[in-house]
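These notes are about the structure you will find just below.
Counting starts at 1 for both ligands and their atoms, in listed order. These numbers come from a predicted model, not from an experiment.
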Amino acid sequence: MEIKISPSMLASDYANLQTELEKCEKGGADLIHLDVMDGHFVPNISIGAPVIAAMKRVCCVPFDVHLMISDPYLYIDEFVKAGADIITFHIESESDTDKTIDKILDAGCKAALAVKPGTPVDTVYPYLDKLSMVLVMTVEPGFGGQSFMESTMPKIQALREKCPDLDIQVDGGINTDTVKIAGAAGANVFVAGSAVFKSDNPAQMIQTLKLNASR
Ligand code: DX5
Ligand code: ZN
């Protein structure tokens, strides 16, 4: 499987988004991860579509928009218009899963489903035919800088066994050590916020994560 690194802009310097995005491009980031939080599905509020649209104007790397919002169905058009290439939403959200996936696909975007640490991974199985990726959260969604939950690894192993060619993403607590653990379990798409943006050299950190993931 191709290894992909996806820096999470949640940990970047919001006063200098263009410069931060340039560091990601320079480091060979495969995706840009954009965390949208509504203060309801998760106890935190982050950015919305207007900020993503502004970032899109200055970045060529594909955008993966991670919606941590209660009713993603209502906002699909807005995020597609803002420039999302992939829209990832939670199976635990209130929206109808099939309808939301279809809305994303009809808009010409790729669809991905996310599961929180406590949600069994087989809940996504009925939708696999329509999904480009599954996100297995390795922390409780809502905040950056939390510790990687190794207890989620069996879910990745089970999903990889079932789907040898699916993009399996992990998000939360990914660093130069935990990227190896998640990679060995079968993940191939790695979101990293703090590890990239709190490092002295974000571009180099992206390369190191990629190297460690494939070891
Ligand atoms: C958390 C977000 C993550 C977050 C990861 O709810 O979904 O994308 O930015 O941050 P780190 O890599 O610092 O754990
Ligand atoms: Zn995220």
Side-chain angles (χ1 to χ4, degrees), residues 3-14 17 20-21 23-24 27 29-49 51-52 55 61-70 72 75 79 82 84-93 110-119 124 132-153 155-156 167-183 187-200 202 205-206 208-210 212-213:
I3 303 289
K4 299 177 193 170
I5 305 294
S6 184
S8 166
M9 301 309 290
L10 188 68
S12 72
D13 178 2
Y14 277 10
L17 285 171
E20 298 286 67
L21 288 165
K23 291 175 193 170
C24 297
D30 301 281
L31 292 169
I32 300 293
H33 187 87
L34 298 143
D35 290 297
V36 175
M37 305 179 186
D38 64 355
H40 188 255
F41 183 75
V42 290
N44 195 9
I45 297 177
S46 59
I47 57 163
V51 180
I52 293 173
M55 287 194 253
V61 181
F63 277 17
D64 176 18
V65 176
H66 178 195
L67 296 178
M68 285 161 277
I69 64 178
S70 293
Y75 296 91
F79 287 102
D85 296 280
I86 306 172
I87 294 185
T88 302
F89 70 100
H90 276 263
I91 191 138
E92 304 89 352
S93 75
K110 291 179 178 168
L113 263 178
V115 289
K116 293 200 226 178
T119 303
V124 307
S132 300
M133 183 167 73
V134 171
L135 165 56
V136 177
M137 290 299 298
T138 43
V139 298
E140 285 300 335
F143 299 92
Q146 304 182 77
S147 298
F148 178 78
M149 293 168 67
E150 198 164 343
S151 56
T152 58
M153 294 302 101
K155 295 202 288 187
I156 294 171
D167 274 344
I168 302 179
Q169 186 180 51
V170 283
D171 181 9
I174 296 298
N175 58 36
T176 51
D177 294 324
T178 56
V179 76
K180 294 181 196 167
I181 301 170
N188 69 303
V189 186
F190 304 88
V191 175
S194 313
V196 169
F197 290 105
K198 308 298 177 210
S199 85
D200 294 338
M205 178 52 72
I206 291 167
T208 306
L209 289 170
K210 204 174 238 190
N212 283 12

Test of proximity, [X] against ligand 1: N or O pairs below 3.5 Å:
{"X": "Gly145", "value": "yes"}
{"X": "Gly193", "value": "yes"}
{"X": "Ile174", "value": "no"}

Q) Among Asn188, Asp64, Thr88, whose side chain to side chain donor-acceptor pair (under 3.5 Å) with Gln169 holds? A) Asp64

Any idea which N/O/S atom from [X] gets closest to the Zn ion (ligand 2)?
{"X": "Asp35", "value": "OD1"}
{"X": "Asp171", "value": "OD2"}
{"X": "His33", "value": "NE2"}
{"X": "His66", "value": "ND1"}

Atom pair [atom1]/[atom2] of [X] and [Y] - distance to nearest 0.5 Å:
{"X": "Ile47", "Y": "Tyr14", "atom1": "CD1", "atom2": "OH", "value": "4.5 Å"}
{"X": "Ile86", "Y": "Ser6", "atom1": "CD1", "atom2": "OG", "value": "7.5 Å"}
{"X": "Ser12", "Y": "Leu17", "atom1": "OG", "atom2": "CG", "value": "5.0 Å"}

Restricting to non-hydrogen atoms, name the atom on [X] and the atom on [Y] that form the minimum distance, rounded to 0.1 Å.
{"X": "Ala182", "Y": "Ile174", "result": "CB-CD1, 4.4 Å"}
{"X": "Met68", "Y": "Val42", "result": "O-CG2, 3.8 Å"}
{"X": "Gln146", "Y": "Glu140", "result": "NE2-O, 2.8 Å"}
{"X": "Leu31", "Y": "Pro7", "result": "O-CD, 3.1 Å"}

Using a strict cut-off of 4.0 Å, indicate which atoms of ligand 1 neighbour a heavy atom of [X].
{"X": "His33", "result": "8 (O)"}
{"X": "Gly172", "result": "14 (O)"}
{"X": "Pro141", "result": "6 (O)"}
{"X": "Ala192", "result": "12 (O)"}
{"X": "His66", "result": "7 (O)"}

Q: Counting heavy atoms only, name the option from Leu135, Val191, Asp171 that's nearest to atom 3 (C) of ligand 1.
A: Asp171

Distance from [atom] to nearest protein heavy atom, with residue and atom:
{"atom": "atom 13 (O) of ligand 1", "result": "Ser194 OG, 2.4 Å"}
{"atom": "atom 2 (C) of ligand 1", "result": "Asp35 OD1, 3.4 Å"}
{"atom": "atom 1 (C) of ligand 1", "result": "Phe143 O, 3.4 Å"}
{"atom": "atom 14 (O) of ligand 1", "result": "Gly173 N, 2.8 Å"}
{"atom": "atom 10 (O) of ligand 1", "result": "Gly144 CA, 3.5 Å"}
{"atom": "atom 6 (O) of ligand 1", "result": "Gly142 N, 2.7 Å"}

Q: Answer yes or no on whether Lys116 is positioned over the face of Phe41, meaning its NZ or CZ is under 6.0 Å from the six-membered ring centre and within 45° of the axis.
A: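 Yes; both conditions hold, so Lys116 lies above the ring face of Phe41.
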
Q: Report yes or no: does Ala195 have a heavy atom closer than 4.0 Å to ligand 1?
A: no

Q.
I'd like to know if Met68 contacts ligand 1, where contact means a heavy-atom distance under 4.0 Å to any ligand atom.
A. yes

Q: From the options Asn44, Leu67, Ile69, Ile45, select the one residue that forms a side chain to side chain contact (heavy atoms under 4.5 Å, CB included) with Asp38.
A: Ile69

Q | Matching residue for Val61 among Asp85, Asp30, Ile32, Leu21 - test: side chain to side chain contact (heavy atoms under 4.5 Å, CB included) | A |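 Among Asp85, Asp30, Ile32, Leu21, the one meeting side chain to side chain contact (heavy atoms under 4.5 Å, CB included) with Val61 is Ile32.
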
Q.
Under a 3.5 Å cutoff, is there a donor and acceptor pairing between the side chains of Asp35 and Ser8?
A. yes

Q) Where does Ser8 meet ligand 1, judged by heavy-atom distances below 4.0 Å: at the side chain, the backbone, both, or neither? A) side chain

Q: Any chance you could lay out the side-chain contact (heavy atoms from CB on, under 4.5 Å) test for Lys198 and Met205, step after step, and finish with the verdict?
A: CA-CA 10 Å; Lys198 308 298 177 210; Met205 178 52 72; over 6 Å; no

